[in-house]
K.L.:
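Before I ask anything, let me first share the structure, which is written out below as structure tokens.
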There are 2 protein chains.
Amino acid sequence: MTKSMSSDYSDSHLLRALREACRISGMRLTPQRLEVYRELARSEDHPSAEELHQRLLERMPSLSLDTVYRTLATFARHGLIHKLDTAESQGRFEVADDTHHHLVCSRCKEIMDFHWPGFDQSGVPEEIAHWGRIERKNAVIYGICNKCLKKDRTG
Amino acid sequence: MTKSMSSDYSDSHLLRALREACRISGMRLTPQRLEVYRELARSEDHPSAEELHQRLLERMPSLSLDTVYRTLATFARHGLIHKLDTAESQGRFEVADDTHHHLVCSRCKEIMDFHWPGFDQSGVPEEIAHWGRIERKNAVIYGICNKCLKKDRTG
DNA sequence: TTCGCAGATAGGAATTATTATCAAGAGGTC
DNA sequence: GACCTCTTGATAATAATTCCTATCTGCGAA
Ligand SMILES: [Mn+2]
Ligand SMILES: [Mn+2]
Ligand SMILES: [Zn+2]
Ligand SMILES: [Zn+2]
């Protein structure tokens with residue numbers, strides 16, 4: 001979720017989406033699920049299951065890592081969150097909200113969101129018009145972030 | 001590597017790139033490395049380390065899976081190959097050759113190459129102009145491939 | 001050519017990330 | 001409050017990748 005969207009207003013619209021998905025699919029809205037969802041929604045760094053678990057332990061000391069994994073898988077199955085495509089060993093997640101794209105620092109692996117309406121509105125090349133049913137498209141931009149560039153120069 | 005590029009001419013230009021990278025970096029060109037590279041270069045399906053190992057065992061029965069993993073990591077470090085970004089548990093690889101983009105079937109997970117010069121030549125949005133040093137950008141398009149759509153209808 | 005050795009390999013053991021199993025716990029309904 | 005079902009936490013299991021180490025080899029130097 002992008003910084004500009006992290007308002008209380010937005011949080012409640014996400015919570016409504018969660019309640020709605022529960023209502024439709026019969027999935028129970030347990031305290032664990034609510035907290036996992038809220039923590040992921042407030043995160044801007046595309047955390048892993050383990051990172052989420054760490055962050056949640058203060059509020060829910062008995063929450064098991066397995067429950068975090070199971071909950072994330074459940075949410076992903078219902079389209080509430082996305083498991084990101086990365087080359088890292090740990091999976092990373094984000095809530096499925098506005099369409100956006102990713103900047104990846106190949107040094108520190110930080111993943112930043114950005115918007116690109118020009119890209120979103122463009123079609124797809126002729127070459128792949130008959131491949132099948134196209135559902136969405138994303139751009140990923142790789143490079144070295146300013147923080148890492150600065151480290152290179154000073155350290 | 002894309003179909004249209006899999007000619008003998010192209011293979012030898014890739015092998016030259018490999019020899020050159022070895023010369024420059026002091027990396028030894030062992031039979032194992034040569035075979036891993038050639039197998040990956042001739043593959044059009046973005047194989048995993050394990051798939052490459054299976055394919056190579058006929059030619060090199062003593063080749064260990066660990067060597068395939070180490071070799072792929074070495075090649076990636078030298079920029080000869082790319083480890084793909086995916087949400088799957090196994091890593092997938094391709095030789096770093098012409099710039100291209102990926103079509104991903106969310107049903108069968110097949111990854112197809114396509115070209116998109118219009119995208120390649122476009123700049124990046126103003127929003128991220130000061131993020132750091134940008135090195136490359138890629139598009140990923142998700143959907144359901146024709147094969148899987150057909151299965152849905154008949155099966 | 002041969003030599004010497006830093007760097008590479010094979011194979012098994014270890015580690016890391018994730019998923020499965022299962023007994024116990026809790027929400028929703030009557 | 002009993003009952004049914006879904007969910008949880010603890011533990012065990014699995015899958016993917018990396019580490020260990022004894023042995024081997026590509027390749028620069030002589
Ligand atoms: Mn994001
Ligand atoms: Mn490719
Ligand atoms: Zn960085
Ligand atoms: Zn498919």
Side-chain angles (χ1 to χ4, degrees), chain A residues 18-19 21-37 39-40 46-54 56-78 80-93 109, chain B residues 15 18-40 46-78 80-93 109:
Chain A
L18 173 62
R19 287 180 202 288
C22 288
R23 201 184 55 71
I24 290 172
S25 68
M27 165 174 55
R28 284 190 193 160
L29 188 43
T30 66
Q32 288 88 343
R33 285 178 175 167
L34 183 59
E35 288 307 311
V36 168
Y37 189 83
E39 187 59 46
L40 185 57
H46 309 88
S48 66
E50 212 167 323
E51 284 165 340
L52 280 171
H53 182 237
Q54 281 305 317
L56 287 165
L57 274 183
E58 306 191 15
R59 267 182 281 162
M60 299 192 95
S62 71
L63 178 70
S64 79
L65 176 57
D66 185 39
T67 292
V68 177
Y69 272 110
R70 267 180 315 198
T71 300
L72 291 171
T74 303
F75 287 165
R77 196 158 0 96
H78 291 288
L80 287 164
I81 70 172
H82 290 144
K83 180 172 185 183
L84 304 192
D85 289 347
T86 74
E88 295 169 76
S89 53
Q90 280 194 320
R92 286 171 166 241
F93 301 85
K109 313 302 179 195
Chain B
L15 286 183
L18 174 61
R19 286 178 202 288
E20 182 67 1
C22 289
R23 201 183 55 71
I24 290 171
S25 69
M27 167 174 55
R28 287 189 192 161
L29 187 45
T30 65
Q32 288 89 342
R33 285 177 174 170
L34 183 59
E35 289 306 310
V36 167
Y37 188 83
R38 298 214 297 173
E39 188 60 45
L40 185 57
H46 309 90
S48 67
E50 212 166 320
E51 284 165 340
L52 280 171
H53 182 236
Q54 281 305 320
R55 292 174 197 177
L56 286 165
L57 274 183
E58 305 192 14
R59 267 181 281 163
M60 297 191 95
S62 72
L63 178 70
S64 80
L65 177 57
D66 185 37
T67 293
V68 177
Y69 273 109
R70 267 184 292 111
T71 299
L72 291 170
T74 303
F75 287 164
R77 197 159 358 95
H78 291 288
L80 287 164
I81 70 173
H82 290 144
K83 180 173 186 182
L84 303 192
D85 289 347
T86 73
E88 296 168 74
S89 53
Q90 278 196 323
R92 287 173 164 240
F93 302 84
K109 313 301 180 196

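Please read these numbers as outputs of a predicted model, since none were measured by experiment. Order of the sequence lines sets the chain letters (A, B, ...), proteins ahead of strands, with each chain counted from 1.
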K.L.:
Expressed as a whole number of angstroms, how long is the span from Arg70(B):CZ to dC19(D):P?
P.N.:
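Going from Arg70(B) (CZ) to dC19(D) (P), I get 11 Å.
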K.L.:
Grab the two heavy atoms, one from Gln90(B) and one from Ser48(B), that are nearest each other, plus how far apart they are.
P.N.:
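Answer, listing the atom of Gln90(B) first, then Ser48(B): OE1-OG, 3.4 Å.
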K.L.:
Please pick, from dT8(D), dG9(D), dG12(C), the nucleotide with the shortest atom-to-atom distance to any side-chain atom of Asp66(B).
P.N.:
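That would be dG12(C).
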K.L.:
How long is the span from the NZ atom in Lys109(B) to the NE2 atom in His46(B), to the nearest 0.5 Å?
P.N.:
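Rounded to the nearest 0.5 Å, the NZ-NE2 separation comes out at 15.5 Å.
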K.L.:
Less than 4.0 angstrom from a charged side-chain N to a carboxylate O is my criterion; do Glu35(A) and Arg59(A) meet it?
P.N.:
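Yes, Glu35(A) and Arg59(A) are salt-bridged.
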K.L.:
Minimum heavy-atom separation for Leu29(A) to Cys22(A), with atom names?
P.N.:
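In this case the closest contact between Leu29(A) and Cys22(A) is CB-SG, 4.0 Å.
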K.L.:
Can you work out whether Leu63(A) or Lys83(B) has the more 5'-proximal nearest nucleotide on DNA chain D?
P.N.:
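Mapping each residue to its closest nucleotide by heavy atoms, the 5'-most match is Leu63(A).
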K.L.:
Any idea which of dT18(C), dT17(D), dT7(D) is nearest the Tyr69(A) side chain?
P.N.:
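Between dT18(C), dT17(D), dT7(D), the one nearest the side chain of Tyr69(A) would be dT18(C).
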K.L.:
Any idea which heavy atoms bring Leu63(B) and His53(B) closest together, and the distance?
P.N.:
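Smallest interatomic distance, heavy atoms only, reads O-NE2, 2.8 Å.
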K.L.:
Given atom CZ of Arg33(A) and atom P of dG9(D), what is their separation to the nearest angstrom?
P.N.:
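After rounding, the gap between these two atoms is 11 Å.
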K.L.:
What is the distance, rounded to the nearest whole Å, between atom CD of Gln54(B) and atom P of dA16(D)?
P.N.:
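Answer to the nearest Å: 13 Å.
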K.L.:
Among dT17(D), dA20(C), dA10(C), which nucleotide sits nearest the side chain of Ser64(B)?
P.N.:
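Nucleotide nearest to Ser64(B)'s side chain: dA10(C).
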K.L.:
What is the separation between atom CD on Glu50(B) and atom P on dT17(D), rounded to the nearest whole Å?
P.N.:
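Taking CD of Glu50(B) and P of dT17(D), I get 8 Å after rounding.
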K.L.:
Going by heavy atoms in the side chains, are Met27(B) and Leu80(B) under 4.5 Å from each other?
P.N.:
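Contact flag for Met27(B)/Leu80(B) side chains = yes.
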K.L.:
Roughly how many Å is it from CZ in Arg77(B) to P in dT18(D), rounded to a whole number?
P.N.:
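Distance check: Arg77(B) CZ to dT18(D) P gives 11 Å.
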K.L.:
Rounded off to whole Å, could you give me the CD-to-P distance for the Gln90(A) and dT19(C) pair?
P.N.:
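Rounded to the whole Å, the gap is 12 Å.
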K.L.:
Measure the distance from CG on Leu65(B) to C1' on dA8(C) and round it to the nearest whole Å.
P.N.:
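Interatomic distance, CG of Leu65(B) to C1' of dA8(C): 16 Å.
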K.L.:
Which nucleotide, dT8(D), dA10(C), dA17(C), lies nearest any side-chain atom of Thr67(A)?
P.N.:
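For Thr67(A), the side-chain atoms sit closest to dT8(D).
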K.L.:
For a quick test of reading the model, state the closest non-hydrogen atom pair linking Ala49(B) to Phe93(B) and the distance between them.
P.N.:
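Nearest pair, atom of Ala49(B) first, then Phe93(B): N-CE1, 4.1 Å.
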K.L.:
From the set dG11(C), dT18(C), dG9(D), return the single nucleotide nearest to any side-chain atom of Ser62(A).
P.N.:
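Between dG11(C), dT18(C), dG9(D), the one nearest the side chain of Ser62(A) would be dG9(D).
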K.L.:
Below 3.5 Å between N/O atoms, which protein atoms pair up with nucleotides 23-30 of chain D? Just atom names and distances, please.
P.N.:
| unit_1 | atom_1 | unit_2 | atom_2 | d |
| --- | --- | --- | --- | --- |
| dT25(D) | O2 | Arg28(B) | NH1 | 3.3 |
| dG26(D) | N2 | Arg28(B) | NH2 | 3.2 |
| dC27(D) | OP1 | Leu29(B) | N | 3.2 |

K.L.:
Give the rounded distance in Å between these two atoms: CD of Glu88(A) and P of dA16(D).
P.N.:
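Distance, rounded to whole Å: 19 Å.
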K.L.:
Base, sugar-phosphate, or nothing for Gly91(A), non-hydrogen atoms under 4.0 angstrom?
P.N.:
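Result for Gly91(A) = sugar-phosphate.
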